[in-house]
*Asks:* 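One structure coming up, written as structure tokens, with questions to follow.
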Amino acid sequence: MSNPKTYSIVTLGSHSALQILKGAKDEGFKTIAVVKKGFEEPYSSFKVADEIISIDEYPDFSKLEQQLIDKNAILIPHGTLFAACSVDQLKDNKMLYFGDKEVLAWEESRIKQRQWLLGSGLTMPKIYANPEDIDEPAIIKFNGAGGGKGYFLAKNKVEFEEKIALHKDTTYIIQQYIIGNPIYIHYFYSPLNDELEIMSMDKRYETNVDSIGRISASDQLDLNLQTSYNIIGNIPIVARESMLAEFFKMGRAVVDKSKELTSKGMFGPFCLEMVITPDMEYFVFEISARIVAGSNPYIDGSPYTALRYPEPMSTGRRIAREIKNAIEQNKLDKVLG
Amino acid sequence: MSNPKTYSIVTLGSHSALQILKGAKDEGFKTIAVVKKGFEEPYSSFKVADEIISIDEYPDFSKLEQQLIDKNAILIPHGTLFAACSVDQLKDNKMLYFGDKEVLAWEESRIKQRQWLLGSGLTMPKIYANPEDIDEPAIIKFNGAGGGKGYFLAKNKVEFEEKIALHKDTTYIIQQYIIGNPIYIHYFYSPLNDELEIMSMDKRYETNVDSIGRISASDQLDLNLQTSYNIIGNIPIVARESMLAEFFKMGRAVVDKSKELTSKGMFGPFCLEMVITPDMEYFVFEISARIVAGSNPYIDGSPYTALRYPEPMSTGRRIAREIKNAIEQNKLDKVLG
Amino acid sequence: MSNPKTYSIVTLGSHSALQILKGAKDEGFKTIAVVKKGFEEPYSSFKVADEIISIDEYPDFSKLEQQLIDKNAILIPHGTLFAACSVDQLKDNKMLYFGDKEVLAWEESRIKQRQWLLGSGLTMPKIYANPEDIDEPAIIKFNGAGGGKGYFLAKNKVEFEEKIALHKDTTYIIQQYIIGNPIYIHYFYSPLNDELEIMSMDKRYETNVDSIGRISASDQLDLNLQTSYNIIGNIPIVARESMLAEFFKMGRAVVDKSKELTSKGMFGPFCLEMVITPDMEYFVFEISARIVAGSNPYIDGSPYTALRYPEPMSTGRRIAREIKNAIEQNKLDKVLG
């Protein structure tokens, strides 16, 4: 079984599946897209999937378990998979799975994630346990999927209560709002050679916060404008080169810490989501222990991967390359969760 | 005449000519840039034109008609051509012309364009027939070229009348202002194989609305800042992958509808210009039935074309590829208007 | 000595060193990164340096002078080098140096730079000699490094004095604040063939001015938000194609003028930093007579270099190509300062 051609790569048709499947094809794998009915066209038009399996709803994915096991398929997880299946469901799934399943619990729980990141020596925004504690601008974030829709700012308890009254969702966190620029750093950590790579960076394109700046302050006030943070895209970006060394250290710190938390430690792609202030402080507000959609501008490689790889290397292709390397070195278990 | 080398590709030296000419060269055509005097340097420096013909003013382009016919030149239209020549002039021109000339009338008239898009099932911003009807934020857009310069917002009739008094131009429309993020989707529809492709996406860089957000609200108010929407560039962007299926449906809908409106229907490159709200509603405010300058960031291919094509595929090159395919299949009439 | 392989390319590990070193390797040179201790990882991880020399602080670079001369190393200057060493130090350094050393004095002094740019026929923002003269919005810029941190706006003398009181730094200029979009044009001028190339363009990503637009005007006012202009990254952009001819003329004008100012004139990469208003006026506020970090998004080539070069051509690689051409033509002295 040391021939990549005897395996398939499978993922849900959404999120970052185009680069995952294209990358897998480029590395010699067969590819399968499991797609919600009505969402097939991108995967056929862009010719990335050798096979497209349509399902009615994402939870039906688990019904394909035996069929995909029979195809020797390796599942590549991404955000849509986690939105569709619970961590428990994923743990029970018997398919070959790329990534560390144990780390999912550390990513999913905001409390455990915070413990992980602070334990890695990173700086994070404060969390206010109670609305009364708000003494600086705060952002209120709701749990679960939804792309940041409905997140709101509040400067104090009064404003918090005014605004929360408009929401049905009652599971949220109150986080210090850091004034500075968001940037998302995409990493890849290889458990085969213990190397950490910076793959690319992006900034999100969120409706409506990334367009309200086009409305003059005067008009905004007249409109009584409300902000929202729903992701609809990503914009490529590169960081000031002198910051890269610190980004490497931060990435290495979370990888090292994860090895204390789970038996294998986190590996494969991950992302640190941060805000950088004018004082050049890096506030990390989240880690994604998996491929992020912010790598989608780099399907044909990024300025950073162009340095290291002669061929266009997306994060999706990097995953497939890692699996191929593992197969050829008879170490597939090192990259399966 | 089934040899592409016996044809030339010609376009006006402006707008998206660099990628059109480069793409044509890459597909084996001779290339001609017709350039307004003083604007030659980009086309010589970037080495995209086998021949540069200088003219004093764009309307002089029609004087070249016979000369270009003798060279067996195929004209690729773009925004500058439409700004320079009327639809009637273009219809009378006897040169080989890539694209559906009949669709130009449907693009040029805001009323007919609206009929086309609404008839395709797309959602559009409301149009207010009279200033009195303004009951939500509205944007006032002037007809003709100019890159959105002078467009202004008004919340009601009083504000409308205050601001319109400052303008000489009296042909305008009053359009509902949708608060959300602009995004421009670039398509290509092939009449040879009936395939619809998503080529790329962009967001515009408009002065001054895309820089006023860098001025604090307090300073903006003191400055009594006025907004303007003059395009000076384009920024690459990718969309959230789960939205692509809907974008394909929208593109297909306008292609299908166009076949009811004209004998051939629209083909080649086109663009849907939309605003996406926090509720994930897609408001289409315009269609361009031709190559758009928003594809210029992708002269060397886009993340999307990298999925489908092994070589760097710009929209300009895709046009040349289509013409080459048509020539080789003896179906050139299918891509000429 | 007409063999590029007998030379090394050396630069400080920061700013734009990744593309400089990668480009040099691609053109067949050996590469040396001189890196401040703790900042080595990017240069090892991205595999761009054949040799990494660690120093404690940047001023220690001069201690390497003889060692680098012995290696036949050509130094490529960039912003970090100028922040680390004075112009006088650089002039005294005996290493092979790419670029015109005489032009540094014209770049360093704001007064001389202004003389150069105005003498080239470019339009610049007004400079107010005294705070009393401020009669339009002005931006106060501090001299020296720091990436624009602390720059502030003032509309009149009163506001100026309020805000300057918060700053210790007392060397500043008061510049007219032009409301419009910033854009940075990256050029390359070859003294070997007298050709001027447009390599790429970018817009900066500055904290916090490029994120405050995400905060509603109402919230900004409540927060009493202060702006700052600290560069943390760069975003790729392309310009409206009809503006390119003018950009070529502007680039040519500063090159021509520089030949009156110094014996060789400026050559190699340079950047015009401008703001474009809604009236399509180009206000140039600075020239960088060297490679700028804004070219970092284009390590694998830009939309513009893809037109002219079959291989991915970064500005860094273009420098190495120029040196290689000079060596092979026995004209190395033409590109050394």
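Each chain gets a letter, A, B and so on, in the order the sequences are listed, and its residues count up from 1. The shown structure was predicted, so the numbers you read here are calculated from the model rather than taken from an experiment.
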*Asks:* What part of A:I215 gets within 4.5 angstrom of chain C, counting heavy atoms only: side chain, backbone, both, or neither?
*Replies:*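 Interface part for A:I215: neither.
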*Asks:* Measure from the side-chain N and O atoms of A:R240 to the backbone N and O of C:I231, and report whether any donor-acceptor pair falls under 3.5 Å.
*Replies:* yes
*Asks:* So for A:T277, is it side chain, backbone, both, or neither that comes closer than 4.5 Å to the heavy atoms of chain C?
*Replies:* backbone
*Asks:* Ignoring hydrogens, what is the shortest heavy-atom contact between A:N181 and C:T207? Give both atom names and the distance.
*Replies:* OD1-CA, 3.4 Å
*Asks:* Is there a donor-acceptor pair closer than 3.5 Å between any side-chain N or O of A:E197 and the backbone N or O of C:S45?
*Replies:*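 Not a single qualifying donor-acceptor pair exists.
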*Asks:* Any donor and acceptor pair, going by atom type alone, linking the side chain of C:S211 with main-chain N or O of A:G180 inside 3.5 Å?
*Replies:*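 Yes; at least one donor-acceptor contact below 3.5 Å.
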*Asks:* Supply the atom-to-atom distance A:F152 CZ to C:S216 OG, rounded to the nearest 0.5 angstrom.
*Replies:* 13.0 Å
*Asks:* Calculate, to the nearest 0.5 Å, the distance between atoms OH and CG belonging to A:Y298 and C:D300 respectively.
*Replies:* 12.0 Å
*Asks:* Anything in residues 306-320 of chain C with a heavy-atom distance to chain A below 4.5 Å? Please list those residues in order.
*Replies:*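 Within residues 306-320 of chain C, near chain A: nothing under 4.5 Å.
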*Asks:* Checking A:E195 against chain C: side chain, backbone, both or neither under 4.5 Å from a heavy atom?
*Replies:*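 Side chain only.
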*Asks:* Considering all heavy atoms of both residues, which atom of C:F46 and which atom of A:I198 are nearest to each other, and what is their separation?
*Replies:*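 Distance-wise, the nearest heavy atoms are CE2-O, 3.5 Å.
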*Asks:* Please determine, among C:L18, C:V35, C:N208, the option with the most heavy-atom pairs under 4.5 Å with chain A.
*Replies:*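 So the answer, after comparing C:L18, C:V35, C:N208, is C:L18.
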*Asks:* Going by the rule side-chain contact (heavy atoms from CB on, under 4.5 Å), which residues pair with A:E246 if we only count those two or more places apart in sequence or in a different chain?
*Replies:* A:K249, A:M250, A:Y282
*Asks:* First locate atom CD1 of C:I232, then atom OG of A:S242, and finally report the distance between them rounded to the nearest 0.5 Å.
*Replies:*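 Separation between the atoms: 11.0 Å.
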*Asks:* Heavy-atom pairs under 4.5 Å with chain A: which of C:V48, C:L225, C:I212, C:D219 has the most?
*Replies:* C:D219
*Asks:* Determine whether A:L221 and C:S218 satisfy the following criterion, side chain to side chain contact (heavy atoms under 4.5 Å, CB included), listing intermediate values before the conclusion.
*Replies:* CA-CA 6 Å; A:L221 295 172; C:S218 159; 3.9 Å; yes
*Asks:* Looking at C:P297 and A:P303, what are the two nearest heavy atoms and their distance?
*Replies:* O-CG, 3.4 Å
*Asks:* Quick check for you: to the nearest 0.5 Å, what is the distance between A:I179 atom CD1 and C:R214 atom CZ?
*Replies:*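 Reported value, rounded in 0.5 Å steps: 12.5 Å.
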*Asks:* Which atoms form the tightest heavy-atom contact between A:A245 and C:P42, and what is the distance?
*Replies:* N-CG, 3.7 Å
*Asks:* For chain A, which residues from residues 49-57 of chain C lie under 4.5 Å away (heavy-atom distances)?
*Replies:*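 From residues 49-57 of chain C, none sit under 4.5 Å of chain A.
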*Asks:* Non-hydrogen atoms of chain C under 4.5 Å away: do they reach the side chain of A:I235, the backbone, both or neither?
*Replies:* side chain
*Asks:* Test of understanding: with ring-ring contact (aromatic ring centres under 6.0 Å, His included), list the residues that count as partners of C:Y184, not counting sequence neighbours.
*Replies:* none
*Asks:* Between C:Y43 and A:E241, is there a side-chain heavy-atom distance shorter than 4.5 Å?
*Replies:* yes
*Asks:* Give the member of C:D222, C:D202, C:T80, C:D26 that has the highest number of heavy-atom pairs under 4.5 Å with chain A.
*Replies:*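 Between C:D222, C:D202, C:T80, C:D26, the count favours C:D222.
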*Asks:* Under 3.5 Å, is there a donor-acceptor pair between the side chain of A:Q220 and the main chain of C:A217?
*Replies:*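 Here the side-chain-to-backbone pair exists.
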*Asks:* Could you have a look at C:G301, C:S14, C:G38 and say which one has the most heavy-atom pairs with chain A under 4.5 angstrom?
*Replies:*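 Of the candidates given, the most pairs with chain A belong to C:S14.
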*Asks:* Would you name the heavy atoms of C:L223 and A:P137 that are closest together and state the gap between them?
*Replies:*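 Looks like CD2-CG, 2.9 Å.
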*Asks:* Hey, what do you get for CG (A:D279) to CG (C:N230), rounding to the nearest 0.5 Å?
*Replies:*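 Spacing of CG (A:D279) from CG (C:N230) equals 8.5 Å.
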